[in-house]
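Heads up: the structure comes next, in structure tokens.
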Number of protein chains: 2
Amino acid sequence: MVTRAEPGSQPRLPLSRERVLRAAIKVADASGIESLTMRRLAEELGAEAMSLYYYVASKEDLLDGIADAVVAEINDAVSAIDVPSAGPSWKTAVRQRVLSAREVLLRHRWAPRVLETRTRTSLAVLLYYDGLLRLMRDGGFSYDLIHHALHALGSRALGFSQEMFDPSGGASDEQTAAALDGMAGQIPHLVGMLMEVAHDDPSSTLGWCDDQTEFEFGLDLILDGLDTMRTTA
Amino acid sequence: MVTRAEPGSQPRLPLSRERVLRAAIKVADASGIESLTMRRLAEELGAEAMSLYYYVASKEDLLDGIADAVVAEINDAVSAIDVPSAGPSWKTAVRQRVLSAREVLLRHRWAPRVLETRTRTSLAVLLYYDGLLRLMRDGGFSYDLIHHALHALGSRALGFSQEMFDPSGGASDEQTAAALDGMAGQIPHLVGMLMEVAHDDPSSTLGWCDDQTEFEFGLDLILDGLDTMRTTA
DNA sequence: ACCTGAACACCGTTCAAGT
DNA sequence: ACCTGAACACCGTTCAAGT
């Protein structure tokens with residue numbers, strides 16, 4: 001082992017929690033969350049896996065850390081938004097915040113899954129919800145209705161929703177169509193719907209459905225319902 | 001190694017995919033999904049881990065299998081429901097199906113997480129959605145609106161929703177109250193809301209919120225919104 | 001056809017040791 | 001204070017071998 005630096009080797013930056021978390025996000029963004037292992041992360045940093053434990057208590061702590069960092073990124077994005085929120089304009093204010101959060105999550109596809117599996121309550125998440133809450137208070141909501149509303153929105157408030165099935169499932173439209181055709185006897189209504197919807201929507205080049213459109217449809221459905229309750233309660 | 005059965009040892013049942021999946025569900029129900037390993041499952045069956053690979057192709061295939069089994073259990077439960085679904089009664093029909101699905105999931109707490117992580121499209125899930133679709137067709141929905149509706153419902157159609165944060169987070173109410181108090185400066189609206197809501201609801205002995213009530217609130221909000229669209233479209 | 005033992009390539013993590 | 005090598009206890013899985 002040579003103590004002196006190899007000729008041409010850069011003097012490595014010292015590690016820090018900040019650098020570890022940044023590198024972890026980089027790995028997850030580039031290669032997916034399943035490829036984020038302590039050894040792989042250490043390699044990315046030019047260090048040994050064991051060195052990471054000086055900055056994170058465990059892998060769970062690492063995941064808590066990168067989840068927090070993503071929500072902090074969301075909080076940064078939404079704090080730049082400055083639109084009126086009094087009375088009826090609460091809705092566009094909330095809508096804009098949620099869609100901003102979604103934009104951040106689209107840059108970190110692994111984030112929803114990691115967020116869902118956190119057990120620790122994250123201060124960053126609480127701060128985000130506190131911001132939404134303020135807007136709804138401006139809109140004239142009671143605390144009680146806001147409480148229901150936050151539960152009704154669930155993860156949608158942070159910009160993502162659970163799609164239980166993707167008809168295309170990663171396969172091509174042709175493969176999907178063929179597979180569905182074979183099952184038509186068992187799932188006649190579903191096949192009927194997908195035939196019609198796929199035909200009607202020439203812009204669905206990414207597959208059967210446009211996720212962004214569907215996300216906004218669901219979001220607006222909930223926000224509109226809440227708006228009605230706000231005024232009738 | 002003795003070839004003859006030990007005195008008192010029961011002649012072990014032969015393995016089968018059915019038995020493997022059943023045992024896997026039993027382990028997950030009793031000890032949580034994280035304790036479901038191939039070795040632990042084999043032990044439960046009185047066999048070796050390697051023997052399981054004769055019935056499942058991989059652990060992913062095992063998870064696909066138990067997810068399918070749970071949805072099959074849901075399909076059994078909802079197929080016993082026989083209520084009218086024509087016109088405006090579509091809503092109560094769908095509502096009842098969703099709440100039945102939820103009851104099944106409450107017996108398998110690990111199921112939502114496993115369902116979310118499946119990549120393969122499950123026939124059982126398609127059958128479930130096809131059933132919902134039929135009810136909405138009876139209600140007079142267009143295929144196009146049903147398509148939006150299924151996306152808007154997302155996992156809620158199958159009886160569960162993503163709660164992004166649990167204010168209690170497993171801790172006692174006293175601990176939660178103390179922790180929130182310390183953060184009151186940073187999240188004033190959230191603290192204000194939780195103080196009021198917890199105070200107002202003497203029945204919330206399980207913590208700050210009654211999940212079943214909140215689930216139904218969110219579900220009804222969406223169903224009511226869809227019902228309006230059904231009649232105005 | 002059905003089941004298994006030994007072994008492999010990975011994990012996260014502990015611990016004592018280096019600078 | 002910061003980093004590491006060797007080692008441990010666990011994974012899922014391959015493969016050749018047993019009945």
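Protein chains get the first letters and strands the later ones, always in sequence-line order, with residue 1 at the start of each. Only heavy atoms go into these numbers, but all of them, side chains included; no hydrogens, no water, no symmetry mates.
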Mind calculating the distance between [atom1] ([X]) and [atom2] ([N]) to the nearest angstrom?
X       : N      : atom1 : atom2 : answer
B:Lys59 : D:dT13 : NZ    : P     : 8 Å
A:Tyr54 : C:dC15 : OH    : P     : 17 Å
B:Tyr53 : C:dC2  : OH    : C1'   : 17 Å
B:Leu13 : C:dC3  : CG    : P     : 11 Å
A:Met50 : D:dA6  : CE    : C1'   : 10 Å
B:Leu41 : D:dT13 : CG    : P     : 13 Å
A:Glu48 : C:dG18 : CD    : P     : 17 Å
B:Tyr55 : C:dA1  : OH    : P     : 12 Å

| Heavy atoms under 4.0 Å, any strand shown: does A:Met38 hit a base, just sugar-phosphate, or nothing? |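 Contact class for A:Met38: sugar-phosphate only.
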
| Contact class for A:Ser51 (heavy atom, under 4.0 Å): base, sugar-phosphate, or nothing? |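 Base contact.
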
| field | B:Arg109, CZ atom: more than 12 neighbouring heavy atoms under 6.0 Å | value | no

| Other residues, nucleotides, ligands: >12 heavy atoms within 6.0 Å of A:Arg118 CZ | yes

| field | Intra- and inter-strand pairs of DNA chain C in dot-bracket (Watson-Crick or G-U wobble, both distances under 3.5 Å; | for another strand) | value | ||.|||||...|||||.||

| Taking atom types as modelled and ignoring hydrogens, do the side chains of A:Arg156 and B:Gln162 form a donor-acceptor contact shorter than 3.5 angstrom? | no

| Does any donor atom in the side chain of A:His147 or B:Glu196 lie under 3.5 Å from an acceptor atom in the other side chain? | no

| message | Ring of A:Phe215, cation from A:Arg102 - is the NZ or CZ under 6.0 Å from the centre and inside 45° of the axis? | response | yes

| A:Arg120/A:Asp68 ion pair, N-O < 4.0 Å |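 Between A:Asp68 and A:Arg120 there is a salt bridge, with a charged N closer than 4.0 Å to a carboxylate O.
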
